[in-house]
Trainee: 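Pasting a structure below so you can have a look.
Along the sequence shown, residues carry numbers from 1. Side chains included, hydrogens not; waters and symmetry mates left out as well; all remaining heavy atoms used. These numbers were taken from a predicted model, which means no experiment stands behind them.
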Amino acid sequence: MGEIVGNAETDSCEDLLEGLRRGRPAAGQDPVKRSQIIDGARRVFIEKGFEAASMNDITREAGVSKGTIYVYFANKEELFEALIEEERGTIFKNMYDMLDRADDLRQTLVKFGKVLSMKITSAKVIQAQRTVIGASDRIPDMGARFYERGPKRGHDKVATFLNAAIERGLLEIDDVDLAAYQFTELCLAGLFRQCIFAYRTKAPTQDEIDHIVRSGVDMFLKAYGTERMAEEERASKLTLT
């Protein structure tokens, strides 16, 4: 866990009083200072990994006092989770918005699947997942929170999209929860494990992702697509010709 710093409380009070005198944000409320700490932590975690990194390392890298860093984050685990949340918000921002549109079902699944596959196999996401997996053996609660705040939320959004398609009569699915997992697995067929275990050292190409996702969507719709969906696709092709 994070190191205990004896003068953290005194430093925090001094920071608060100084901030009030100068009209600065109260201790723990300055977004610039918080970002400075997270940026320093990012560099340390990348260089040393979660286990080897210490709060002292992060303090030096971020250029802040020990008292200041403990005002913002109680320990290394809390700081790492904040870093993961910030990275996730940047990488996956607006990704699920395309599932809110009632476009052509097949094309929507293909577009979403390609973006999902590209992001999940990106170097940043693979590195973050390796770090979480490595730390989860010692801190299982952190691994559970990572899953609930990221993969589980995404999974629920895919399930919601599939339910909407069922209501439109385009899909027939008995177990939507399972089908949502099946869809994402089809879009990542082989790619994720190859990346997470460093079997491949470079991210998949756009052509690889396109091929895998289109094949996966074909399989998914052959299993769950209805005659109504097939009719709509035939009608769409006739319109285009």
Trainee: Please determine whether salt bridge (charged side-chain N to carboxylate O under 4.0 Å, His left out) holds for the pair Asp218 and Lys222, giving the CA-CA distance in whole Å, both sets of side-chain angles, and the decisive distance to 0.1 Å.
Mentor: CA-CA 6 Å; Asp218 284 343; Lys222 284 178 181 177; 5.9 Å; no
Trainee: For Gly134 versus Glu51, what's the shortest heavy-atom pair and its separation?
Mentor: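 That would be O-OE2, 4.2 Å.
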Trainee: Can you hop from Val110 to Ile212 via hydrophobic side chains spaced under 4.5 Å?
Mentor: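 Result: yes, single cluster for both.
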Trainee: Does any part of the side chain of Lys119, heavy atoms only, come nearer than 4.5 Å to the side chain of Lys124, both counted from C-beta?
Mentor: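 They are not in contact (no side-chain heavy atoms under 4.5 Å apart), so the answer is no.
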Trainee: Under the side-chain contact (heavy atoms from CB on, under 4.5 Å) criterion, do Arg88 and Phe146 qualify, and how do the steps go?
Mentor: CA-CA 10 Å; Arg88 184 173 13 237; Phe146 174 86; 3.7 Å; yes
Trainee: Tell me whether Tyr181 shares a hydrophobic cluster with Phe220, the cluster being built from Ile, Leu, Val, Met, Phe, Trp, Tyr side chains joined at under 4.5 Å.
Mentor: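 Tyr181 does not cluster with Phe220.
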Trainee: Say whether, by atom type as modelled, one donor and one acceptor occur between the side chain of Ser117 and the main chain of Gly113 under 3.5 angstrom.
Mentor: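 It does not hold such a pair.
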Trainee: Check whether Met219 and Val158 end up in the same hydrophobic cluster, where Ile, Leu, Val, Met, Phe, Trp and Tyr are linked by side-chain heavy atoms less than 4.5 Å apart.
Mentor: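 Cluster IDs for Met219 and Val158 match.
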Trainee: Would Phe197 end up clustered with Ile120 when hydrophobic side chains under 4.5 Å apart are linked, directly or stepwise?
Mentor: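 As far as the 4.5 Å side-chain criterion goes, Ile120 and Phe197 are connected within one cluster.
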Trainee: Check this for me: does any side-chain nitrogen of one of Glu227 and Arg234 sit under 4.0 Å from a carboxylate oxygen of the other?
Mentor: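 Salt bridge: yes.
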Trainee: Using side-chain heavy atoms (C-beta onward) and a distance below 4.5 Å, is Glu77 in contact with Phe80?
Mentor: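 No, too far: nothing below the 4.5 Å cut-off.
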Trainee: Grab the two heavy atoms, one from Phe73 and one from Met55, that are nearest each other, plus how far apart they are.
Mentor: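 Heavy atoms of Phe73 and Met55 come nearest at O-CE, 4.1 Å.
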Trainee: Between atom CE of Met118 and atom OG1 of Thr205, what is the distance when rounded to the nearest 0.5 Å?
Mentor: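 So the gap between those two atoms works out to 12.5 Å.
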Trainee: Okay, side chain of Ser65, backbone of Thr68: is any donor-acceptor separation there less than 3.5 Å?
Mentor: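 Pair found, side chain donor or acceptor close to backbone of Thr68.
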Trainee: If the threshold is 4.0 Å, N to carboxylate O, is there a salt bridge linking Asp39 and Arg42?
Mentor: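 A salt bridge links Asp39 with Arg42.
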Trainee: Would you find more than 12 non-hydrogen atoms of other residues, nucleotides or ligands less than 6.0 Å from Asp137 atom CG?
Mentor: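 Counting other residues, nucleotides and ligands, CG of Asp137 stays at 12 neighbours or fewer.
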Trainee: Give the minimum heavy-atom separation between Pro204 and Ile209, together with the two atoms involved.
Mentor: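 That would be CB-CG1, 3.9 Å.
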Trainee: Look up atom NE2 in His211 and atom CD in Gln206, then write down how far apart they are to the nearest 0.5 Å.
Mentor: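 His211 NE2 to Gln206 CD: 14.5 Å, rounded to 0.5 Å.
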Trainee: Evaluate the criterion side-chain contact (heavy atoms from CB on, under 4.5 Å) for residue pair Cys195 and Arg200; output intermediate values, then yes/no.
Mentor: CA-CA 6 Å; Cys195 291; Arg200 65 160 70 214; 3.7 Å; yes
Trainee: Taking all non-hydrogen atoms of both residues into account, name the closest pair between Val64 and Gln36 and its distance.
Mentor: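 Distance-wise, the nearest heavy atoms are CG1-NE2, 3.5 Å.
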Trainee: Tell me, do Gln129 and Phe192 make a side-chain contact under 4.5 Å, heavy atoms counted?
Mentor: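 Of all side-chain heavy-atom pairs linking Phe192 with Gln129, at least one is under 4.5 Å.
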Trainee: Would you say CD of Glu172 has more than 12 non-hydrogen atoms from neighbouring residues, nucleotides or ligands within 6.0 angstrom?
Mentor: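 12 or below, so no.
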Trainee: I'd like to know if Glu61 and Lys48 make a salt bridge, using a cut-off of under 4.0 Å between side-chain N and carboxylate O.
Mentor: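 Judged by the 4.0 Å cut-off on N to carboxylate O distance, Glu61 and Lys48 do not form a salt bridge.
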Trainee: Establish, for the pair Lys33 and Tyr72, whether the NZ or CZ atom is under 6.0 angstrom from the six-membered ring centre and no further than 45 degrees off its axis.
Mentor: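 Here Lys33 fails the 6.0 Å and 45° test against Tyr72.
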Trainee: Between Thr131 (side chain) and Phe50 (backbone), is there a donor-acceptor pair under 3.5 Å?
Mentor: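 Checking the backbone N and O of Phe50 against the side chain of Thr131, no donor-acceptor pair under 3.5 Å is found.
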Trainee: With no hydrogens and no angle check, is any side-chain donor or acceptor of Asn163 less than 3.5 Å from a backbone partner on Ala159?
Mentor: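 A pair under 3.5 Å: yes.
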Trainee: Can you check whether Asp97's main-chain N or O pairs, donor with acceptor, with Asn94's side chain at less than 3.5 Å?
Mentor: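 The answer is no, because no donor-acceptor pair under 3.5 Å joins these two groups.
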Trainee: Are the side chains of Gln107 and Phe112 in contact, using a 4.5 Å heavy-atom criterion?
Mentor: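 Sidechains of Gln107 and Phe112: no contact.
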Trainee: Assess the side chains of Thr59 and Asn56: does a donor N or O sit below 3.5 Å from an acceptor N or O?
Mentor: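 Absent: no donor and acceptor within the cut-off.
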Trainee: Find out whether Arg153 and Glu148 are in side-chain contact, i.e. whether some heavy atom of one side chain is under 4.5 Å from a heavy atom of the other.
Mentor: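 SC-SC contact between Arg153 and Glu148 ruled out.
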Trainee: In Å and rounded to the nearest 0.5 Å, what is the CD1 to CD distance from Ile38 to Glu86?
Mentor: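 Those atoms lie 4.5 Å apart.
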Trainee: Under a 4.5 Å cut-off applied to non-hydrogen side-chain atoms, are Glu81 and Glu78 in contact?
Mentor: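 Side chain of Glu81 against side chain of Glu78, heavy atoms only: no contact under 4.5 Å found.
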Trainee: Is it true that a side-chain atom of Ser35 and a backbone atom of Pro31 form a donor plus acceptor pair closer than 3.5 Å?
Mentor: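 Between the backbone of Pro31 and the side chain of Ser35 there is no qualifying donor-acceptor contact (under 3.5 Å).
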Trainee: Show your working on ring-ring contact (aromatic ring centres under 6.0 Å, His included) between Phe161 and Tyr96 and close with a plain yes or no.
Mentor: CA-CA 10 Å; Phe161 173 80; Tyr96 293 94; over 10 Å; no
Trainee: Whether the Gln182 and Tyr224 side chains hold a donor-acceptor pair (N or O, under 3.5 Å, no angle test) is what I'd like checked.
Mentor: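 Short answer, yes.
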Trainee: Do the charged groups of Lys152 and Asp156 touch, with an N to O distance under 4.0 Å?
Mentor: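 Salt bridge: yes.
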Trainee: When rounded to the nearest 0.5 angstrom, what is the spacing between CD in Glu167 and CG in Leu162?
Mentor: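 Going from the CD atom of Glu167 to the CG atom of Leu162 covers 11.5 Å.
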Trainee: Shortest non-hydrogen contact from Ala165 to Leu105?
Mentor: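 Looking at all heavy atoms of both residues, the closest pair is CB-CD1, 4.1 Å.
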Trainee: Run the side-chain contact (heavy atoms from CB on, under 4.5 Å) check on Arg43 and Ile58 step by step: do they pass?
Mentor: CA-CA 8 Å; Arg43 293 190 292 272; Ile58 296 168; over 6 Å; no
Trainee: Report yes if some heavy atom in the side chain of Ile173 is under 4.5 Å from a heavy atom in the side chain of Leu178; otherwise report no.
Mentor: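 No, their side chains stay 4.5 Å or more apart.
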Trainee: Is Arg145 reaching over with its side chain to a backbone N or O of Pro140, donor-acceptor style, under 3.5 angstrom?
Mentor: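 No; judged by distance alone, with no hydrogens or angles, the pair does not exist.
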Trainee: Taking all atoms of both residues into account, what is the closest heavy-atom pair of Leu99 and Lys157, and its distance?
Mentor: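 In terms of heavy atoms, the two residues are closest at CD1-O, 4.1 Å.
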Trainee: Under 4.5 Å between any side-chain heavy atoms of Arg130 and Ile196, yes or no?
Mentor: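 Yes. Closest side-chain heavy atoms under 4.5 Å.
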Trainee: Testing Lys111, Glu233, Glu232 for side chain to side chain contact (heavy atoms under 4.5 Å, CB included) with Arg106, which one passes?
Mentor: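 Of the listed residues Lys111, Glu233, Glu232, the side chain to side chain contact (heavy atoms under 4.5 Å, CB included) partner of Arg106 is Glu233.
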Trainee: Check the pair Leu109, Leu221 against side-chain contact (heavy atoms from CB on, under 4.5 Å), reporting the backbone distance first and the verdict last.
Mentor: CA-CA 10 Å; Leu109 289 175; Leu221 293 181; 3.9 Å; yes
Trainee: Counting only heavy atoms not in Arg193, do more than 12 fall under 6.0 Å of its CZ?
Mentor: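 12 or below, so no.
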